[in-house]
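See structure below.
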Amino acid sequence: MKITKLRVNQIEKPIGFTMDTISFSWIIVDYQNAKKQKYAQIIVKKDNHIIFDSGKDENANSLDYQVQLMLEPRTRYSWEVAVTAENGESACQKSWFETGKLKEAWRAKWISPTFDKEIHPCFYKEITIDKKVKQARTYLTGLGLYELYLNGKKVGNEFLAPGYHSYDFHLQVHTYDITKYLIEGKNQIEVLLGAGWYKGRLGFDGGYTDVYGDSYYLIQELHIEYEDKTSLFVGTDTSWQCKPSAIMDSNIYDGELYDARLEAMFDYQEVVEREPIQCGPLTDRYSLPIIKKEKLKPLQLIKTKKGEQVLDFGQNITGWVEFNCNLSKDTIICLTASEIMQEGCFYNENYRTAKAKFTYISDGKKAHVRPHFTFFGFRYMKVECAEPIIKENFEAYHIRSDIDQIGKIETGHKKVNQLFSNALWSQKDNFLDVPTDCPQRDEKLGWTGDAQIFSDTACFNMYMPAFYRKYLWDMRAEQSILEGSVPNVVPRLKHDMISEHGSCPWADAGVIIPWNVYLHYGSKTLLLETYPGMKAWVDYQKKKEEALGGKHLVKDGFHFADWLALDNEKPGPFGATNALFIASAYYYHCSKIVGKAAKILGLEEDSIFYETLAEEIKKAIHETYFDKNGLCICKTQTASALVIEFGLMPEQEKKEGQKLKNLIFENKKHLNTGFVGTTVLCPALSKTGNHKLAVDLLLNEDYPGWLYAVNLGATTIWERWNSVMPDNSMNPEGMNSLNHYSYGSIESWMYRYICGFNPCEEEAGFRYALLAPHPDERLGFVKALFNTAMGTYISEWMYDKEGKVSYYFEVPFGAKAVIALKKGCYQCNQKRVEGYVFEVECGIYEIQEREGNYFSKCFYDDTLNT
C-alpha cells in the first residue's frame, strides 16, 4: 500500500502559489487486500515543529482535506499523510509546499527602461556572493513577458511567464528556487522582457495593442540566506541597468525577430522607478507553469514545386521549432508556420493577419536557437535560408500549461482512435494558460463558449482543477465590473469589448465549468471558491429578464447559440434553432446547477431559491416552446437534444428521443448541429435508447461527421465540419482553424457511454461512480483507463466470436461503483449472477455474458438500482 499524488490545492509541491485556502489531497495505490480507508492522519510542520496534527481522523477526505493554517511569507512547510485501511494495512508519505510573498510588503520597486517603449529591454544587475549559500529565492514579475537568467543560464523550466491573466485585477508573481544558479563571487542577473498579451497585438483579427499597458516593467526581489544565518537582499531599484536586447520585435501573433549581432552591441543605461498604470495588485501566482511537454522530430523536409523547403512534423501542435545554428555572420534564417499544405505547397492564409514567423540573424557563432516571447500553432514550418537546410538540426517542442493526461480510450476501430487523439491534441494545444479557441491565427483568446462546451471532456482527458481555478478567478474578476455577467472572452479585452458579454452559451461557462470541475474532482473547497461567480451569472440573468417583465425567459440580447450549425438555410454562422430558446434552456440548466451546488455547500436558503427559480423557468419554457403533446416546437436536432439532456420535459423524454431520431433520419442519418447541439446530441440519443444511432453518427466518414476530417489526414479537431473540402482545398468561407477543440466534446460521450465512466453528484470526484458501458460490435473492443482524483478506474469490453460480451472493470481504493449492464445473465469472478445492476467496492471484476439459469444474488445484499 502506497500513497501518491500528494497535492496542495490540486498541485504537487507548489511553490509561490496563492494560498488563500489550504486543501490537501492524496491517492492510495498498490494496495493488497485493503478496500477503503479507516482513518488518516495529516501533520504539517514548519522547521520540524508540528503546527497542525489532525489526529486519527476517520472522516479525512482524501479528495479535499481543508486545513486552517496561519502561513508566513516565503516559508517552506512539510506535510505528511498516514493512512490506515480497514484491514490494518497502512502507509505514510511526505511532501512539502512553499509560500510566496503572501501579503508581505514589497521592498523592491517597479522599474522601467528610459528608451523607446517599443524596444525590447534587457535588465541587468551584478551582485557578489562572498559566503556559502544555504538557500536563495527570487520573487518577480515582468510586463508583458519575461525570462530570467543567472550567470547566463535561464532560471526554471517555464516559458511565457507570467502568462495571460486579467492584469487590471492582479499581477501574478512567480517564485523560483535559485540556489543552484548562484556561484561564489560575481553573479550577473539578466531579465529579458517581451510584449506578450500585456502590450502586444491582441484581439479578434489582432486589432488592438497596448490593451493593458504601453510600456515594459519589472519588479524583482532576491532573498539569499547564507549558511552562517546572515542574509542578502537584492531588489529592483535605480541601481539596476537596462539595454535594448537582441529581440527586435515580438508578439504572440506575428512571431519574433532576433538579431544575434546585437547581443553585445549596446551599452547599459539607467532605469527609472515607475509603476504600471491601471493594473491590479501584485499577488502570488494562480497560473500553472507553461513548459515544454513533448518533442517532435521532422518526418520529412519537403521541397515544393515553388522551390519552398518545408519541414513536416506530422502533428499539429502548439509551440515552436528550435535548431542548432552554425550559419555565417549576417545570414538570415526564417521559419514560417502552417497547419496544412495546398497543392503540395506552403499555405497559411487561414492565419489571417498573423505572420506566424520566427526570424534569426546569425552573428557567425554556433548557437542553439529558439523564440522567446511567442508561440505558434503548426504542423509545417517553411524554412528560408541562403545556406543549406539540414533536417536533423530542427526539433519541434509542444508547450502548454503543466497539466497531464489522465484519460485514455482505445477501441478496435483505428479511425475512432485517431479521432480520440485529434481531440486530445486540440486540448493540449489550446490549454496554454487559458483555454483558447485556436493557437495559430490572430486570435488565441480565452473564448468562454468553447471552454464551456469542452469542459467535461477536458476533465476526463487531463487533470484540470488548478488550471480551471486560475481561469475562473479571472472570470469572477471580470464579472465584478459587469454586474455578474460573463464576458465572451476571459481575460476580457478591455474597453473596446466591454459590451461583449452575456451571450449564451458562452457566459454559461461561469456555472458549467466549475460544476464539471466539482463533479470530476470532488473539491468542495474549490466549489465554494467558485460559487459566487456561478450565482452572480444566474442573478444577472434573473435581474435582466425580470426588468423586461413577464415569464422567466431570456427575452433579448445577442447569443451565439448553436454557432456554426449546418441547419440554417440562411447564409452565415448561426444555426436554425431559436437562440432565445437555447438561452432560456441554459438559464434553466444553470439555475438548477446553482441550486445543487448550494445544497452541497450547505446553503439551504440559496438551494431552495435557485431550485424554485429553475422550476419557474422550466414552466415558462413549457408554455412558450412546447406543443400540447409535450414536444418542443423547435424542430431541430439541437433543440431536441437540449430538451433531453437538460431534462426540460422528462415525462416525454422517449417521445422527444423518437423525434430526434426522425430528424436525424430526415438528414440522411447525419448531424447538422453546431457548438451547442454537437455536445449534447449523442448523449441525448444514448439516453433515450438510440445508442446505435449515436454510434452511427460517430462512425460517419463523409461530411458532416467526425471521421470525415480523420479521412483527410487531420491530427486535431477543426473549427468547421468542412474546414477542408473533399479535394483537400481549404473551405472558401473563411474562419478555418484546423485546431479548434469544440467538436472534440464527443469524447465526453465516449467516456460516459461507450466506456461507462459517470460521476455521482452526491459523492463527486468518482468516490462513487456509475460504470455503465454501451458495447457496440462495430467498435470491436474498448480499453479505457481513467486516473481520477480517487485513483485509477478501468473499463474494458470485448465481443467474442459468438457475439457475447466480456467485461473487465477496476475500481480504485476507497471508491464504490454501480456496474450497470444490459439485461441478461452474467458470470462475474466465477460467481453466477442474473440481472444487470451490481454495487461493488474497490477491486477487479471480470464479467462474461452467459445463457441459461443463474442465481439472482448479486455481489452484495444492498444491490442498488439505477
Suppose we screen for side-chain contact (heavy atoms from CB on, under 4.5 Å). Which residues come up paired with [X], at least two apart in sequence or across chains?
| X | result |
| --- | --- |
| K94 | E80 |
| T525 | T21, S23, D64, Q66, S523 |
| A34 | Y31, A85, E86, N87, E89, F813 |
| S25 | R7, Q10 |

Determine whether the side chains of [X] and [Y] contain a donor N or O and an acceptor N or O closer than 3.5 Å.
| X | Y | result |
| --- | --- | --- |
| T792 | E810 | no |
| Y610 | D539 | yes |
| T179 | D177 | yes |
| E611 | S607 | yes |
| H170 | D474 | yes |

How would you list, by chain and number, every residue that makes a side-chain hydrogen bond (donor to acceptor under 3.5 Å, both in side chains) with [X], sequence neighbours excluded?
| X | value |
| --- | --- |
| Q479 | none |
| E653 | none |
| W749 | S686 |
| K293 | D402, D404 |

Is there any salt bridge (Lys or Arg N to Asp or Glu O under 4.0 Å) pair reaching into residues 26-35, and which pairs are they, with sequence neighbours excluded?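 Sorted pair list: K2-D30.
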Near K101 NZ, under 6.0 Å, is it more than 12 heavy atoms from other residues, nucleotides or ligands?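 Count over threshold, so yes.
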Might you confirm whether atom NZ of K470 has over 12 heavy atoms from other residues, nucleotides or ligands at distances under 6.0 Å?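 Yes - once you tally the heavy atoms of other residues, nucleotides and ligands closer than 6.0 Å, there are more than 12.
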Review item, side-chain donor-acceptor pairs of residues 511-521, under 3.5 Å, at least two apart:
{"unit_1": "N516", "atom_1": "ND2", "unit_2": "S455", "atom_2": "OG", "d": "2.9"}
{"unit_1": "H520", "atom_1": "NE2", "unit_2": "D456", "atom_2": "OD1", "d": "2.8"}
{"unit_1": "Y521", "atom_1": "OH", "unit_2": "C459", "atom_2": "O", "d": "3.1"}
{"unit_1": "Y521", "atom_1": "OH", "unit_2": "M462", "atom_2": "O", "d": "2.9"}
{"unit_1": "Y521", "atom_1": "OH", "unit_2": "M464", "atom_2": "N", "d": "3.1"}

Quick one, F766 and P812 - any side-chain contact, counting heavy atoms below 4.5 Å?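 The answer is no, as the side chains (C-beta and beyond) never meet within the 4.5 Å cut-off.
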Mind checking salt bridge (charged side-chain N to carboxylate O under 4.0 Å, His left out) for D508 and listing every partner two or more places apart, or none if nothing turns up?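 By the salt bridge (charged side-chain N to carboxylate O under 4.0 Å, His left out) rule, D508 matches no residue at all.
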For E294, enumerate each residue passing the salt bridge (charged side-chain N to carboxylate O under 4.0 Å, His left out) test, keeping only those at least two apart in sequence or located in another chain.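 E294: salt bridge (charged side-chain N to carboxylate O under 4.0 Å, His left out) contacts with R400, K428.
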